[in-house]
Structures are given as structure tokens and as C-alpha cells.
Amino acid sequence: MTQSIVVQVGQCGNQVGCRFWDLALREHAHVNKNGLYDEALGSFFRNAVLVDMEEGVVNEILQGPLREVFDSTQLLTDVSGSGNNWAVGHMTYGSAYREQIVDKLRKAAEHCDCLQCFFLIHSMGGGTGSGLGTRVLGLLEEEFPEVCRIVSSIYPSAEDDVVTSPYNSVLAMRELTEHADCVLPVENQSLVDIVNKIRQMSHGGKPGSAIKRDSAVISGQGGLSGAEKPFDAMNNIVANLLLNITSSARFDGSLNMDLNEIAMNLVPFPRLHYLVPSLTPLYTLADVSVPTRRLDQMFSDAFSKDHQLIRADPKRCLYLACALMVRGNVQVSDLRRNIERLKPSLPFVSWNQEGWKTGLCSVPPVGHSHSLLALANNTCVKPTFMELRERFTKLYRKKAHLHHYLHVEGMEQSFFSEALGSLSSLIEEYHQLDATKGRLVPDAPRLGIAT
Amino acid sequence: MSIVTVQLGQCGNQVGYELFDVLCSDALEGQRRVYSAAGCERFFYQTTRGELVARAVLIDMEPKVINQSMSRAAKSGMWRYGETAHFSQKQGSGNNWANGYCVHGPRHRDAVEELVRREVERCDRLAGLMAMMSVAGGTGSGVGTYVTQCLRDIYPKSFILNHLTWPYGTGEVIVQNYNSVLTQAHLYQLSDAILVHENDTVHRICGQLLNIKHISFGDVNRVIAHQLGSVLQPALTADSRGLYGRNPLGELVSALACHPEYKLLSVCTIPQVPSVSMAYSTFSWPSMLKHLRQMLISNTKMEEGIDWQVRPPAGSERTRSLAGSGFNRSLANLLVLRGKDVYSAETGGFEDPALYTSWLSPEEAFNSWKSPVPFNKYEKCATLVSNSQALLRPLDNMVGKAWNMFASRAYIHQYIKFGISEEDFLDSFTCIEQVISSYSQLH
């Protein structure tokens, strides 16, 4: 069995990570009646590393029921936080703690027989997750160049209360583009929308609309932690994303999808590695007399814009590649049937008309009979990135708050211009691909053989 | 003489298991001592306790499939794999041919060579080696190619047959066409003959002929095993003078792959019926052979939907074309007939010069093997192994899609990361285009 190491950085990263561990334990407890911490889980998630530059969140974890899962050698904390300043996280703490971070990563890696992947969880808008998180990403590439790096990044909404979040996000974006193998971008606003939709559904009062306990993708019920905290609902969605993406490696299935295979099949060009996630179903209805949502509906939902974890409509843009990870009692023939059915309405780039990567895992998530995670390499990320660039430029034009950054040792103005340049060229690459959409691209002329 | 089989990757290990299962149960069926002894000797050896052990080596870069195949074999009670005749790692090849060929292959070369050597030394006389793999993934394709290369180096005088499974056209792995092109370009220089089964074709056989509702990979693999088994089990050949042939791979290669440019072989078997219908079906050699001949000419790979309008062109009309008239020209054919009244079967239809290229006489182009022993519960069974244009269209499609992807350089960085270059890709494309051109030009 291969192992992965989860590295959670910053307040958001640690809160999401916390939800992830809680739900993972719940999932394995469900499958393995013997105990909470079974072999499959233990061997897969060999050591997490938790990093935060203030102690609040990590301390809470250590006092909560998850204290059994972690020990202090896996933690790295400081007291004063990064003040929502990417430069402080990346440069100041990055340099100060470099040795310790590398040390903890090495220790975690040593416990692994066969380390396949690092999962980094962080947010883009703040200082620690964004700055220190991307510094850690760079270290992972330096120290473990052959191990896949999958990053789960939470992007701020437009109405984010951190004024400098556009700066932090764009500075972090450049690091992601250059050092990550895959990025799973998640927008806070999409999470909010999904939470509201589910809450509306469960409070709708329509007969037969009660949601089955534990089944909502936002629910943490049944896990170790007791009461729900604010943001828990949103964080549970991201936690479920990570659970689903690793399900094939933790459980058996008839068509396994390794994490390496995800990067291989979904990333046709090194910089275009932003994979839009979507999860279905969002909940299961509690009333058993209501027929279970048809399997095919689940496939259709995966492509609807309401289920995407960023604000985007992939059906209107161009697919470069798409992965479908199915869990539960679903057969190859169901998979093929649905792909045939949906293909005509999904625009794929000319050189990848059959660009599907599929996986079947036999164990469904808790509370569901089957589920689907779709990861799309799609040009619909372009508008998101363009909006981000606009917010950045609005501040940068006026040089607002710039001095906070430039005061930090090691930080220079060129970082800003280079990060902006990197983002712009990324947008341009997506733009070029978009331009081919709908155009009838002739087949490339084949090599001629002299006869 | 014995054949040593090397099963590579998930597909190779799953199909290989079904193959040995069919070979064993067919060999042990009924009171057919000479046939039984010959079949067992060819594919199995006996331990001191009388157990039949397959002459096979199982290779994969992750352990699950090998474990499954080995335990299923052991459960059969009739045969098993050698306890130590396998090699696996913990982490797969990530669907990446270059990872298989450049990294895993060389890294584990010694261990694999050692395992094969042990099986080869166990044989009184080696008839040859058969490597089984798919072309779509990373291990079967990449490691499989590397292993074939090693075998060619160590056993330069032995016959090497590669059995390939081509993936579904609509795909399960996005980069399958790259992996296919790279694999086959390399194998073309190393292998003596390349025998191909296409998942799409076998899937249709399962659905339309065998009436299976929810087709699984197990069903597909059993059809492949049946077809392959019907070729490889003992038979009387022209050279064998009344005894079962001792050199099946050698005779297969010399019958079919007489020219280095033409090594692709396809297989067709008739009849294929659900086992519940077998008691109610009657088969006659004339009818079976007539259907098989038309299947060959019209390039239909199963006995449903045959186009009876297709005819070989008259002598003066020999034209070069990819698939203009629908007529499938052959270079060489081998017919393997098994079962009741086999000596009365008239094979003259396959000796018609109109079926073949002009530069081989029908006597050279056509061969037949016979065995009076029924195979795998079929009272009569006819298998045609062809070196013809039958695989041309699917191969051309594969290359076309791969080339379109290559023109955009999509995914190339993933391969370069592991040590092959754009030049290597171009070389492989050139090689396969040459093969396509040669087959298209057959006249």
C-alpha cells in the first residue's frame, strides 16, 4: 500500500484538516467495526504535519478528541501569527523555520514504506496558509522531488474581509503554478452557496424532504468532535473532497485510480494543473419511501454549475481532461453509459475528444449508496483568475498596503510584478485554448512514408 | 517442448490466469492421454506431489492483482502458480510508459531475469516465450516492452510471441494511444510475432454472441483465453508427422510472420455460443469454414453481421487501398481445427490465391493444423490466425489520435520527466506509420 502525508498550514488549513481527520475516522469506523483507527487508515495517512504561526487552532485540536491521532512531534507553531501578510509567512517564518519544517517532513516520510503523495491544505487569502504554506510547497519540491504534490487551496470570495487577500492570493498563485503537481481550487463563496442550498432543503418543510442523518456533505455528525463550529459545514465539504480523492487508495475497487494516475492523465501541460472539483450527491433524502436519486442523475449533477467548488460553469467552457471517481455499487457499464450520454453536451479540446479517466471504488461514503467526484481540467478557471487579477490590480495601482510587504526582509517589489506576470501568462494560456473551442480543428497531417 | 509465459501488469496477469485455467481444464478433460500429456508438458510442470504448476512468471508494479490471480488458481484445485514465481512492487507505473520502460524495467531487471531463467531451466526443451500484456497502461506496456528486450538479449535464438490486448476505443486511460504507439514500435523490432485481441471486439462477442448482460472484465478475459487456448493447445501440423507438434511457436511464426515488416496477427474463432445453448447447437465443418472464410474476407470479427457481398477482387483488379472495397487482403493464414470428424473438413476455400498477396503462393501462405480432440467443451471448433489487413483500421485510429495529441505536445512533459525525448516519440510514430503503410500497400 502506498502512503500519503497531509500537511495542513494556517488557520483555515488546520480547520479543514481537522474536519478531514474526523470524517476519515468516521468513514473507517463505519467500514471496520472493530475500531476507530484501523490499519488501512493508519497506514495510508502515516503522519500528518500541522503548521500554524499562532497557537489557537492547533491547541484546540490537541485538546479535542483528535489528540489521539496526533502527537507533538508533528506540530509546528508560533505565537504571533502572520498578520495576513504573505511576505511574513513566506519569508520571515519560512526562513526561520525552514530546518524544523524539513525535519518534521523527513520524520513523517521515514515512517512510510512507499510515500506516494503530499496533500497540502491551506487558504490563499491570509498570511500563514498562503505565505508559509507556499514556502512549504517549495520545500517539498526541493526535498522530495519525486513525490507528487497535490494542493487543496481555498480561494477568498470577492467580499473577503481581509483587505490584502488579493495580494496574498496572487503571490501564492505563482508558487502554485510553479511548484505544485495539481491544485484543487475551492472558492469560499461556492461553499457558502452549497451550505445554504442544503440548509434550505432541510428546512424546506416539504414532505419527504428531510435529509438522512449524517448524509449531507456538510455534516460532521457521527464523528468524534461534538458540536458544530462556525465554518465546520463549509470545511466538511473540502474534507469530503479529500476523502473521495483518496478512496481508491484506501479501499478496494474493480478499477483503481492511483494518485499518480490523476496527475498523469489530467495535466497535459505542466502549468495547467488546476482541477475543478465537484461532488455529488450533496445529501441523501431520509425518507426511504422516496425513490433514491437515480444513478444517472448523479452523473448529470456532477457537471452542473451548482455542484462545482468554484464559481464556474464548465459546460460553457472547454474541457482539457476529466476524471470521474465513482464510489459504491456502480458497474463499468453504468459508467460507460453515462459518459456516452453526457459526452455530446461537453466540449472537449480537439486533441482529447475522449479525454476521460475513470475509477471505481467499491466502498461508498458514509450515508450514501454511491457517490461521484469529478475533477475537471477546464478553462472555466479563467474567469476566476481574471477576477482575482482585477482585485489585485485595483490595490496595486494605488500601491495600497504595499509598504507592509516591502518592509519584510527578503521581499521586493519584483515579487509583485513577477507574480502578476505569472498569473497573466497563465490566463493567456487558457485563453489560447478557449479560442480553439467550437472551431473545427483539422487532424494534424500525418507523417508521410515513402513507398 | 514447453512454453514459458510472462504475465505483465494488471491485464497480463488477469488474462494469463484465465488462459492457464482453460488450458488446464481442457487438458484434463476426459480420457485423452496423449493429448493431455502433451498439453500439460507444454504449459505446466508437475511437482513431486503430482500438482500441476504453470510455467509462468507474474510481474506487476503493485501486488493486488498478482495476489488475486495466485489465490484463484490455488482455489481451482487443479493447478496453481509457482509460489515464488512472481515479482511485484508497491507503487504502480501511473499509466506512464516511460516510467515503466525507463525506471521500473531497469530497476528490477535482475529479479525478473532470474525468475524467467528458473522457469526456462525447468523445461526439458524450450519451445519459446510468450509475453502477455496490455498496451494502454504503464506497467504492461512499459515494463513489458523492457522485459521483452531483456528476453531477446538473453535468448537470441528462442521464439518470442507477444500477446497484446488493445483497449476500448473510447478509452479508460487518456494517454493510452501514446502508450500503444511507444509499445508497438519497440516490440516490432524485438518480437517474432504480435498477436492482438481488441477489447471492443471481444466485448461485442460477449454481448451479441454469448448474450451476457452485464459484461465484466472476467467475461472478456475468458473469451480471449478460449481463443488463445485453441491456438496453443497441441495439434497435428504438417511437419509433425502424425504426432502432436512439438514446436508450436516456431511453426506459428514460420507459417504467419515470414517477413519482418508484417508481424501483426489477429484471431477469430467459430463457433462462440453460450454454454447453455451448446447442447442444442449442431455445427458442421462446411458451414463453419464458409462463415470463417467470409469473416476473413469482409473483416468481420464475429459470426454475426457478416457482409456476404464482399468478394476478393478478380485477378486484374488488384488495387492498393486502405479499406476501399471492404475486402481484407491476407498475407498468410493459419487455420486450427479441433474436434469431431476434423479430417473430413475441407479447407480448400482458404487456398484461393485471390485472398492473398501476389508474392506468396497459396501453399506458402496457407497452413492448417488439426486435432481430433474437442477443445474446451466445443464438439467442433475452428480458429483462424491471420496476418492480414484486419487490424489496420483500429491501428490507424490509434495512431491518428496519438498524433493529434502529439501535435499539441499534450502530456509530453510527463514522459520526458522519466527519460524519453520528443525524438523517441517521433521514431516510434515513424515506425508505426511504416507498418500501416506496408499493410495498406498489400496487393
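To find a chain, count down the sequence lines: A is the first, B the second, and so on, and within it residues start at 1. Keep in mind it's a predicted model, so treat the numbers as computed, not measured.
- A/E146 CD: 12 or fewer foreign heavy atoms inside a 6.0 Å radius.
- A/L447 is listed as a side-chain neighbour of B/W403, based on a closest heavy-atom distance under 4.5 Å.
- In this structure a side-chain-to-backbone donor-acceptor pair under 3.5 Å is present from B/Q414 to A/V267.
- Summarising the geometry of B/S408 relative to A/W351, their closest heavy-atom pair is OG-CD1, 2.6 Å, with the distance given to 0.1 Å.
- Atom NE2 of A/H431 sits in a sparse spot, with 12 or fewer heavy atoms from other residues, nucleotides or ligands closer than 6.0 Å.
- Heavy atoms of B/S438 lying under 4.5 Å from chain A are absent altogether.
- Of the listed residues (B/H413, B/K401, B/M405), the one with the most heavy-atom contacts under 4.5 Å to chain A is B/H413.
- At a threshold of 4.5 Å between non-hydrogen side-chain atoms, the residues B/N404 and A/Q353 do not count as touching.
- The shortest distance between side-chain heavy atoms of B/N99 and A/M264 does not fall below 4.5 Å.
- Neither the backbone nor the side chain of A/L324 comes within less than 4.5 Å of any heavy atom in chain B.
- Here CD of B/Q91 is found 9.5 Å from SG of A/C117. Values are rounded to the nearest 0.5 Å.
- When the candidates A/N265, A/N260, A/L266 are compared by the number of heavy-atom contacts under 4.5 Å with chain B, A/N265 comes out ahead.
- Residue B/F406 does not touch chain A at all, counting heavy-atom pairs closer than 4.5 Å.
- Side-chain contact check for A/K357 versus B/N95: some heavy-atom pair is nearer than 4.5 Å.
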A/R446 vs B/V399, test: side-chain contact (heavy atoms from CB on, under 4.5 Å). Steps then yes/no. CA-CA 9 Å; A/R446 300 267 290 274; B/V399 176; 3.7 Å; yes
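- Looking at A/P445, only its backbone comes within 4.5 Å of chain B, counting heavy atoms on both sides.
- Closest of all the heavy-atom pairs between A/N352 and B/Y411 is ND2-OH, 3.4 Å.
- Interface summary for chain B: among A/P268, A/P270, A/A321, A/A263, the most heavy-atom pairs under 4.5 angstrom belong to A/P268.
- Atoms CD1 and CZ, from B/I215 and A/R336 in turn, are 11.0 Å apart once rounded to the nearest 0.5 Å.
- The local environment of CG in A/N329 is sparse, with at most 12 non-hydrogen atoms from other residues, nucleotides or ligands closer than 6.0 Å.
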